[in-house]
Amino acid sequence: MLSFIVISLSQAQWESEITANRAELLQGVKTIASPGIPGPVACLTPQAMPLVLAKDGEVTTPVVATSVSGTLSILAFGHPGYLEPGTWANTDTLRLFQNMVRRVGGDKTQVLVIGNQPLANHLRQNQVSVLENQSDFSAADVIIVSGHSDDPLLNRIGEWLTQRRTADKKAGLITAGLGWGWLQLNPGKTLSTHPGNRLLAPFGIAIGDGFLDSGKPIPTSLVPTVAHHAGLSISLVESFSPLNRRNALYTLKAALGASPEDSAFLGFIRERTGDSGAHLPKTNQPVGENNPIAMLVSGYTNRKLLANPTLPPAETDFPHLGVTVSELRNQVSAKPVSVRVTATRWESTGAYAAPGIPVDVTVPSGETGLFLRIGAHTDTLWHLREWRRLPEISIRVPLSPGHQTVTSPFGGLIYLESSGAKATTQTVTLRQTVPAPRFVLEETTLAQWKTIRNLPGPWAELESDKLILTVPSRIVRSLENPHEVMAFWDRVMDSQADLAGWSRTRKSPERMVPDVQISAGYMHAGYPIMTHLDVEPDFVQMDKLRKGNWGFFHELGHNHQSDDWTFDGTVEVTVNLFTLYTYDTVIGSRPKDRLFDPGQCLSYFRKHVEQNAKSFEKWKQDPFLALAMYGQLQNAFGWDAYKKVFREYLGLPASERPRTEAQKRDQWMIRFSRAVGRNLGPFFDAWGVPVSPEAKAQVASLPSWMPDRM
């Protein structure tokens with residue numbers, strides 16, 4: 001059973017084969033394109049070999065793989081954009097395609113490009129013989145097709161491959177697919193059902209999930225090792241060096257959800273999966289790189305549960321927090337919960353799904369575009385080196401008119417979503433759920449709250465039409481006045497809207513959710529904003545909130561930033577304008593170490609001149625140094641200047657919006673100069689922030705300005 005994943009060749013022989021394979025296909029290929037955000041391609045059997053490696057931070061993993069099976073050669077890419085010649089500029093991607101074609105039949109190779117006329121034209125222009133008739137499979141030596149094509153087409157190609165596999169004449173397939181993109185478009189499915197993966201499975205290649213570094217051409221100089229081959233490394237991973245172990249785990253985790261269930265790769269993991277749950281992560285018993293097999297078993301269990309939620313739920317301690325699975329399942333109520341869906345983002349329901357218990361959902365006849373989400377903890381942790389919970393525990397499934405059931409093996413708060421451009425106003429009914437604490441500002445009375453706060457759901461929500469806090473129920477059981485808490489948060493949200501130039505009446509509220517582990521950083525922005533559990537009391541304790549919270553205000557600020565006025569190096573800078581503004585207008589004072597008054601800003605500037613020689617690169621690397629420059633503008637011209645400029649950007653037509661980093665710097669200097677009636681060109685020069693001579697000329701008629709003592 002496991003013969004495919006145990007190296008049948010010596011390592012020297014394997015390295016010799018992959019070296020020869022790379023020498024042939026990568027001849028004259030120094031770099032290839034990096035379209036969009038590529039994903040990994042996993043090699044599962046010895047016939048499949050990694051060809052080109054891409055990075056995710058320090059980790060490297062295959063983004064292109066090849067496979068040789070008899071007379072067949074396969075070339076698979078980790079993004080459909082590789083089949084778009086428009087993404088190939090300044091790289092040798094075309095040469096890689098040409099090398100693959102020549103491998104099959106030299107200059108006489110007949111290529112069939114399906115459903116991609118720009119690629120067909122481009123190849124013809126570069127001396128590749130491309131068939132005119134897209135249905136002429138019999139004449140084709142190489143077929144090029146997207147791995148996202150429809151099933152009938154890929155089934156036909158699969159039949160063609162089977163026929164050519166036993167023929168004497170060589171044949172080839174070039175295809176491409178994107179794991180994470182397909183998953184977003186196909187909620188509730190796994191990559192093992194990806195059309196391209198079904199086509200590639202017989203050749204030991206799988207399009208996996210994950211985000212690789214993008215934006216720059218990918219060099220082909222990195223040489224794959226056994227650690228980059230999922231099928232070969234799985235039985236060796238525990239013996240690898242730390243870096244090779246990380247490389248191996250990356251591609252192994254990518255392969256988990258993409259491999260056919262009957263593959264030897266998953267068979268190896270199943271042999272090590274017990275029923276006790278001993279390998280599953282818990283908040284105080286994480287699994288990680290120090291025990292790679294346990295990590296893979298956890299990942300496999302996670303994928304298996306997502307694919308088949310009717311299996312017994314995982315016995316983990318998150319997200320239920322202090323309540324066992326059986327205790328939570330005993331709290332399920334048949335009482336119906338009616339929810340009027342009015343938002344295009346998450347609509348809270350006040351209901352919690354118990355792990356493994358089907359939730360009955362009734363959708364009005366004729367309603368479409370609705371989804372049911374279970375679980376607020378949407379961060380996925382597959383890329384992390386350690387897991388304190390299963391890496392993917394939130395599910396989202398489309399709803400159809402009528403009655404259906406939805407089951408989550410992990411449990412969680414239940415939400416409804418509408419995918420339409422306009423909010424729906426239909427009422428959806430839920431049954432077989434656990435009631436959870438939910439306070440709605442201006443709707444829930446304090447008398448009602450006394451009862452609601454004790455409902456058994458392990459997670460609670462406090463909400464207004466500006467912000468929703470999702471917190472463990474344990475921190476609201478004794479909360480006496482949620483009205484005061486949410487009124488405070490509304491002032492915070494209004495302050496940030498005021499600075500950004502937005503209406504205080506929002507289309508939908510923002511969300512904040514604490515988690516035992518998040519995908520990046522100590523906190524991060526998004527929908528929802530994610531934090532760690534250690535700050536959970538800080539969401540609702542008024543004595544702490546009145547003193548301010550830099551982290552909370554900062555992440556909310558990210559959700560109010562505009563890319564138009566946030567140029568390279570200032571993502572973590574302009575966000576703190578919102579942090580400071582909220583301190584000024586809601587808290588009434590700033591943290592002592594972050595006053596950014598004239599004296600502190602001047603000190604930052606002098607340090608920049610003396611230690612950095614006004615280096616723009618150094619300026620971009622130090623967010624608080626850069627913030628001092630913005631602080632000087634605020635000290636001199638007040639917050640109204642920022643409000644005026646931000647509103648100006650909001651009203652810009654598309655043709656006037658900056659497109660390059662240089663344009664962003666130029667426009668920011670010009671627009672702020674005109675807003676305050678001062679020439680800020682010399683001020684930007686003093687800090688070493690580059691703006692063009694043309695931009696300076698546009699404000700040269702204004703009186704120059706510089707802070708005192710600069």
Exercise. Rounded to the nearest 0.5 Å, how far apart are CG of L153 and CZ of R156?
Worked result: 8.0 Å
Exercise. S135: what forms a side chain to side chain donor-acceptor pair (under 3.5 Å) with it, not counting sequence neighbours?
Worked result: N133
Exercise. Would you say S69's side chain and L72's backbone share a donor-acceptor pair under 3.5 angstrom?
Worked result: no
Seminar exercise, completed: Contacts satisfying salt bridge (charged side-chain N to carboxylate O under 4.0 Å, His left out) that involve residues 245-260 (not counting sequence neighbours) are E58-R246, R246-E289
Exercise. Atom OG in S259, atom CG in L44: separation rounded to 0.5 Å?
Worked result: 4.5 Å
Exercise. Between the main-chain N or O of S192 and the side-chain N or O of N197, is there a donor-acceptor pair closer than 3.5 Å?
Worked result: no
For this session: Any chance you could measure L119, atom CG, to R124, atom CZ, to the nearest 0.5 Å?
Result: 10.0 Å
For this session: May I ask you to check whether T566 and D564 show a side-chain donor-acceptor distance below 3.5 Å?
Result: no
Exercise. Hey, is the main chain of N126 close enough, under 3.5 Å, to the side chain of Q98 for a donor-acceptor pair?
Worked result: yes
Problem set entry | Close side-chain approach of I143 to L161, heavy-atom, < 4.5 Å | no
Problem set entry | Criterion side-chain contact (heavy atoms from CB on, under 4.5 Å) on R389 and D379, from CA distance to verdict | CA-CA 11 Å; R389 63 159 169 86; D379 269 12; 3.9 Å; yes
Exercise. Checking T220 side chain against V29 main chain: does a donor-acceptor pair fall under 3.5 Å?
Worked result: yes
Seminar exercise, completed: Hits for side-chain contact (heavy atoms from CB on, under 4.5 Å) against A307, two or more places apart or cross-chain, chain-then-number order -> T190
Problem set entry | Reported CG-to-CD1 distance for the pair L306 and I393, which is rounded to 0.5 angstrom | 10.0 Å
For this session: Could you tell me whether the side chain of P224 reaches within less than 4.5 Å of the side chain of I18, counting heavy atoms only?
Result: yes
For this session: Look at the aromatic rings of F616 and F567 and report parallel, tilted or perpendicular, splitting at 30° and 60°.
Result: tilted
For this session: Under the side-chain contact (heavy atoms from CB on, under 4.5 Å) rule, what do I144 and V130 come out as? Steps first, then yes or no, please.
Result: CA-CA 10 Å; I144 302 178; V130 178; over 6 Å; no
For this session: Please report the closest heavy-atom contact between V104 and D141, naming both atoms and the distance.
Result: CG1-O, 3.8 Å
For this session: Sequence neighbours left out, what pairs pass ring-ring contact (aromatic ring centres under 6.0 Å, His included) with at least one residue falling in residues 187-206?
Result: H148-H194, W182-H194
Seminar exercise, completed: Hits for ring pair (Phe, Tyr, Trp, His ring centres under 6.0 Å) against F97, two or more places apart or cross-chain, chain-then-number order -> F77, W88
Problem set entry | Of all pairs that satisfy side chain to side chain donor-acceptor pair (under 3.5 Å), the ones with a partner from residues 100-111, not counting sequence neighbours | N21-R103, E24-R103, Q110-S129
Exercise. Quick check: does any side chain N or O of W387 sit under 3.5 Å from a backbone N or O of L381, one acting as donor and the other as acceptor?
Worked result: yes
Seminar exercise, completed: Taken in chain and number order and not counting sequence neighbours, the residues that satisfy side-chain contact (heavy atoms from CB on, under 4.5 Å) with N290 are none
Exercise. For the atom pair CZ (R659) and CD (E656), what is the distance rounded to the nearest 0.5 Å?
Worked result: 10.5 Å
For this session: Name all residues meeting the ring pair (Phe, Tyr, Trp, His ring centres under 6.0 Å) criterion together with H79; count only those two or more places apart in sequence or in a different chain, and write none if there are none.
Result: none
Exercise. Under 6.0 Å from the CG atom of N90, do we count more than 12 heavy atoms belonging to anything else shown?
Worked result: no
Exercise. Sub-3.5 Å donor-acceptor pair from the side chain of T71 to the main-chain atoms of R164, do we have one?
Worked result: yes
For this session: Identify the heavy atoms of L212 and Y250 that sit nearest to each other, and give their distance.
Result: CD2-OH, 3.4 Å
Problem set entry | Side chains of P118 and N116 in contact at under 4.5 Å (non-hydrogen atoms) | yes
Problem set entry | T66 side-chain N/O to I74 backbone N/O, donor-acceptor pair under 3.5 Å | yes
For this session: Only pairs at least two apart or in different chains count here, so list each salt bridge (charged side-chain N to carboxylate O under 4.0 Å, His left out) that has a residue in residues 185-198.
Result: D151-R198
Exercise. Can you tell if the side chain of L94 reaches within under 4.5 Å of the side chain of H122, non-hydrogen atoms only?
Worked result: yes
Problem set entry | Results of side-chain contact (heavy atoms from CB on, under 4.5 Å) for D213 - residues two or more places apart only | K55, D56
Problem set entry | Polar side-chain atom of D136 near backbone of E132 as donor-acceptor pair, under 3.5 Å | no
For this session: Could I get the full list of salt bridge (Lys or Arg N to Asp or Glu O under 4.0 Å) partners for E159, not counting sequence neighbours?
Result: none
Exercise. Do R385 and M295 have side-chain heavy atoms sitting under 4.5 Å apart?
Worked result: no
Problem set entry | Under 3.5 Å donor-acceptor, T378 side chain and S394 backbone | no
For this session: Please examine the side chains of L256 and F265, heavy atoms only from C-beta on, and report whether any two atoms are closer than 4.5 Å.
Result: yes
Exercise. Is any side-chain heavy atom of S519 less than 4.5 Å from a side-chain heavy atom of T380?
Worked result: no
Problem set entry | Residues forming a ring pair (Phe, Tyr, Trp, His ring centres under 6.0 Å) with H228, sequence neighbours excluded | none
Seminar exercise, completed: Tightest non-hydrogen contact, residues V41 and V63, listed as CG2-O, 3.5 Å
Problem set entry | Residues I32, Y82; criterion side-chain contact (heavy atoms from CB on, under 4.5 Å); working and verdict | CA-CA 9 Å; I32 64 168; Y82 280 106; 3.8 Å; yes
For this session: Please examine the side chains of V68 and S73, heavy atoms only from C-beta on, and report whether any two atoms are closer than 4.5 Å.
Result: yes
For this session: Give the C-alpha distance, both sets of side-chain angles, the deciding distance and a yes or no for side-chain contact (heavy atoms from CB on, under 4.5 Å) between L96 and L75.
Result: CA-CA 10 Å; L96 176 54; L75 188 63; 4.2 Å; yes
For this session: Keeping the roles fixed (side chain from D209, backbone from G179), state whether a donor-acceptor pair exists under 3.5 Å.
Result: no
Problem set entry | Whether over 12 other heavy atoms sit under 6.0 Å from E661 CD | yes
Problem set entry | Among R303, R270, K304, the one residue meeting side-chain hydrogen bond (donor to acceptor under 3.5 Å, both in side chains) with E261 | R270
Exercise. So which of L200, L178, T175 actually passes side chain to side chain contact (heavy atoms under 4.5 Å, CB included) with I207?
Worked result: L200
